[in-house]
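Below is one structure; the comments refer to it alone.
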Amino acid sequence: MNPAHPSMKIILFGATGMVGQGVLRECLLDSGVESVLAVGRSSTGQRHAKLREILHDNFMDFSTIESELAGYDACFFCLGVSSVGMNEERYRHLTYDITMAAATVLAKLNPGMVFTYVTGRSTDSTEQGPQMWARVKGKTENDLLKLPFKAAYMFRPAGIQPLHGVRSKTAWVQAIYVVAGPLLSYLNRVAPKYMTTSEQLAAP
Ligand SMILES: NC(=O)c1ccc[n+]([C@@H]2O[C@H](COP(=O)([O-])OP(=O)(O)OC[C@H]3O[C@@H](n4cnc5c(N)ncnc54)[C@H](OP(=O)(O)O)[C@@H]3O)[C@@H](O)[C@H]2O)c1
């Protein structure tokens, strides 16, 4: 990538979420990124010369927007939900089914694409462990790695402290981040393995 000649074309899923907001910020700031296409069910509310948005309502079927998803170098897949209070069927649908539906279309249209999936620390690659969320994330990671991307990376953050106005869409998560802000900053300094920031997570 030559920063003097921005060339990276990026697709971003989950741009309205906490992780996605951080990734969007860093992509827009990065001189090596030519453009960002945010695909979501709601708007980011941002305007930027590099940013284009597609609002889409069926994340199991991308056939109506397929022609707009070709010609990209990288995808950051930041769409995801907390499993708290959710049964396995619902969590699996929102985590595995949606991710695989999008990734399968992207791999078909962009064989040169590098796909980055934001998953979570302690994801269970064996798919056999006791924690439901970890098994589902593990199955999702494993099947993403089988798709014909140029490369696929599974990003497993633990805690993420939101910075620069980044907010979680999940109210209880956002409340924790507000109340525990100073503690999270401290943890980021002394235990960076367990606490990163939205800036560090998304930085090139
Ligand atoms: N936050 C953390 O501390 C943390 C730590 C480790 C891993 N992670 C992982 O990072 C990923 C993103 O988490 P986050 O904290 O950014 O979540 P978040 O703030 O709750 O945002 C979730 C994002 O996913 C989208 N989304 C959720 N359900 C959707 C659906 N049915 N159809 C279309 N879009 C949907 C949301 O879109 P709308 O705006 O339309 O709702 C939003 O863009 C998750 O996989 C999570 O497990 C997060």
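Atoms within a ligand are numbered from 1 in the order they appear, just like the ligands themselves.
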Check ligand 1 for N or O atoms under 3.5 Å from a protein N or O and list each pair with its distance.
unit_1, atom_1, unit_2, atom_2, d
ligand 1, 3 (O), Y177, OH, 2.4
ligand 1, 16 (O), M18, N, 3.0
ligand 1, 16 (O), V19, N, 2.8
ligand 1, 19 (O), M18, N, 2.8
ligand 1, 19 (O), K169, N, 2.9
ligand 1, 20 (O), T170, OG1, 2.9
ligand 1, 24 (O), G80, N, 3.4
ligand 1, 31 (N), R41, NH1, 3.4
ligand 1, 37 (O), T16, OG1, 3.3
ligand 1, 39 (O), T16, OG1, 2.5
ligand 1, 39 (O), S42, OG, 3.2
ligand 1, 39 (O), K169, NZ, 2.7
ligand 1, 40 (O), R41, NE, 2.8
ligand 1, 40 (O), S42, OG, 2.8
ligand 1, 41 (O), R41, NH2, 2.9
ligand 1, 43 (O), G14, O, 3.4
ligand 1, 43 (O), T16, OG1, 2.6
ligand 1, 43 (O), G17, N, 3.1
ligand 1, 45 (O), K137, NZ, 2.6
ligand 1, 47 (O), K137, NZ, 3.2

State, without any angle test, whether E127 and N142 hold a side-chain donor-acceptor pair at a distance under 3.5 Å.
-> yes
For D97, the salt bridge (Lys or Arg N to Asp or Glu O under 4.0 Å) test, sequence neighbours excluded, returns none
By salt bridge (Lys or Arg N to Asp or Glu O under 4.0 Å) - contacts of R167 (at least two apart) = none
Spacing of NZ belonging to K137 relative to CE belonging to M132, to within rounding of 0.5 Å = 11.0 Å
So Y117 and F115, would you call those rings parallel, tilted or perpendicular, with 30° and 60° as cut-offs?
-> parallel
Apply side chain to side chain contact (heavy atoms under 4.5 Å, CB included) to L28 and list each qualifying residue two or more places apart in sequence or on a separate chain.
-> L24, V36, Q46, H48, K50, L51
